Each structure stands twice: as structure tokens, then as C-alpha cells.
Amino acid sequence: MPLPPPPEPLPGDAPWTDGGAEPVHAPGEDGEPPGGDPPDPGVVARLRRAGCVFAEEEARLLIAAAPDPAELDTLIGRRTTGEPLEHVIGRARFGGLWIAVDPGVFVPRRRTEFLLERAVALLRPGAVVVDLCCGSGALGAALLARGERLELHAADLDPTAVRCARRNLAALGAHRVHRGDLFEALPSGLRGRIDVLVANVPYVPTEEIALLPGEARDHEARTALDGGRDGLDVLRRVVAGAARWLAPGGRLLVETGERQRAGALDVVAEHGLLPDAVTSEEHGTTVVTGTRPNRSP
């Protein structure tokens, strides 16, 4: 059934609903330029006329990103015609980091910080970690910042996303960010060695893509949004391959919607992993975990 329209977001909210997408962050969150003097009222007025909810905060970000008045006018024009703010200024805040986000690349959502938190709790020094469906590499970058001596790899099918992820994960070297279809992208030497596998898979049902706000529908890669008939197609493929790649006791963590929780847990159990799920009301999302059983002694 069609989703109800999302409520108007408030500053600091994570405006995203199951099967829907909104601008990622309310500008002015931690790490954004400080308030200071009011921004140029003319810029604010243009943004408000275009329907930007956080016009003053967005004006500050756009002004900070523009080297001169001509470029500022260009950036404002892009924003007022519906391009996501993060694509316009070329970055997004995620997990306390600034993440480069190129046009066309999936913008990291604040809600995915719950997936980050769950994964961080599992890290140990020297762990082998993979960020599958990595998009901009935001999850991998945030995990790398929190872990000790991680062997981290990231992979995505979209070449634009891979180029972006290589910038955000430059410390790893380009050879650690792979392009390809899910596990096919990974080096064979990782098989059976992965301790923590995170996958922010697309989970919007195909018929609901048309219901997404234009910022997502028109400016992000369809492959990063479309989860198939019930939103679980990519999740099924990830779970089906995970047991062969996880180390004994290794864990797969996948973000999904609360209404897909039961179906996702069934998929995990069907493929021999121990299923679990936790929902965060604060973040408005669910993380499903599949643990590979330890080998018998």
C-alpha cells in the first residue's frame, strides 16, 4: 500500500521512512559551520522560495562552499532545482566525519549511524571488516576511524560510487576498494576470514520508487535504492553468500525497514546463520544480524 507522506522534518531529525528517502541531515548538525552572523538574506530568500526547510543553515553551507559570487550563484541554482544539498556542496556528515559525496552517489543517511554503532561494538584489534554495497564508503571510513589495525575492504557495483569511496578511503589504497557485484568483487583470500560484514543494501520496494522524494529518486543511483518486489532482493543475495565468506563466529549486519524485519530474519535463518534484529526508534531503522556458528570442537 502507498506510504503516507513523511512529516515535515525538524532540525536534527533523520528524515527517512521505510521505503522512502528525504534529505539526509538537517544542516547545522555537529560539525557544520557555526551559526555566527545571519547569512545573506537574499540567499536565504531564494532557498525558502524553493521550499528548503532549513534555508538559513543551507545558506551558510552553500556560502562556505563557494569560492566566489559566481560559483555561489551556480550552487544555489543547483540546490533550488532539487539537487541534494550534499551533492551540491560535495560532502555529507556521517559518524562524526565529513564524507565526500559525488553527484549520483547515494548520500549516507543519518539513520545508518545505528548500523555503524552495532558494527563498532563488534570490532576487535586486527579484525577483518568488509563494507559491501559501500556507496561513498561512509560506513567503512567511520569503522576505520573507530577500529584498531582493521583489515578493511569495501565494494560496490557502481563505478561512480567506487571512485568516490576510493577518495574517502584513500588511507587504505585503491586496491582495498573493489568494483563488482557483491561478493564477486572481493579478493578470494577473504573467503572464510571476515569478522564483521556490513551491508547497507537497497530496500525500497520497486513499486515505491516513484513515491520517493525527488532528491533521491532523480539524483541517486537506482541500484542504491531499489530492493525489488518486497525490498529484500539484494538482502537475499547477500545473506546467501555470507556464510562462505564469514569467519566462524563472524557476523553480517544489514540495515532494513521495520516492516521487513520478519522476512529478513527468515532469510537469515534459512541460510544457516543465527538471526537477530534490533530496532532503534531514535534512528527509525532496524539492523538485522546473522552470525556464522562456530565450528564444532
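Values in this document were obtained by computation on a predicted structure and should not be read as measured data.
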[X]: what forms a side-chain contact (heavy atoms from CB on, under 4.5 Å) with it, not counting sequence neighbours?
X: Ala65; result: Leu75, Ile89
X: Ala165; result: Cys134, Val177
X: Thr80; result: Leu47, Ala50, Ile76
X: Pro275; result: Leu265, Val268, Ala269

Handout entry: Note: Arg229-Glu207 ion pair, threshold 4.0 Å (strictly below)
Key =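 Glu207 and Arg229: not salt-bridged.
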
For [range], pull every pair meeting salt bridge (charged side-chain N to carboxylate O under 4.0 Å, His left out), keeping only residues two or more places apart or in separate chains.
range: residues 118-133; answer: Arg124-Asp195
range: residues 234-250; answer: Asp181-Arg237, Asp230-Arg236, Asp233-Arg236
range: residues 159-174; answer: Asp102-Arg167

Extract all donor-acceptor atom pairs below 3.5 Å that involve side chains of residues 136-150 and protein atoms in other chains or at least two apart in sequence.
from   : atom 1 : to     : atom 2 : distance (Å)
Ser136 : OG     : Ala138 : N      : 3.4
Arg146 : NH1    : Gly95  : O      : 3.3
Arg146 : NH1    : Ala142 : O      : 3.2
Arg146 : NH2    : Gly95  : O      : 2.8

Handout entry: Residue pairs, two or more places apart or on separate chains, that pass side chain to side chain donor-acceptor pair (under 3.5 Å) and touch residues 262-277
Key =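 Of all non-adjacent pairs touching residues 262-277, none passes side chain to side chain donor-acceptor pair (under 3.5 Å).
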
Handout entry: Residue pairs involving residues 66-78 (criterion side chain to side chain donor-acceptor pair (under 3.5 Å); sequence neighbours excluded)
Key =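 Counting only pairs at least two positions apart or across chains, the side chain to side chain donor-acceptor pair (under 3.5 Å) contacts touching residues 66-78 are Arg46-Asp73, Arg78-Glu83.
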
Problem - Qualifying residues under ring-ring contact (aromatic ring centres under 6.0 Å, His included), relative to His178, sequence neighbours excluded - result: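 His178 satisfies ring-ring contact (aromatic ring centres under 6.0 Å, His included) with His153 only.
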
Handout entry: salt bridge (charged side-chain N to carboxylate O under 4.0 Å, His left out) involving Arg193 - partner list, sequence neighbours excluded
Key =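 In terms of salt bridge (charged side-chain N to carboxylate O under 4.0 Å, His left out), with neighbours along the sequence ignored, Arg193 is linked to Glu151.
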
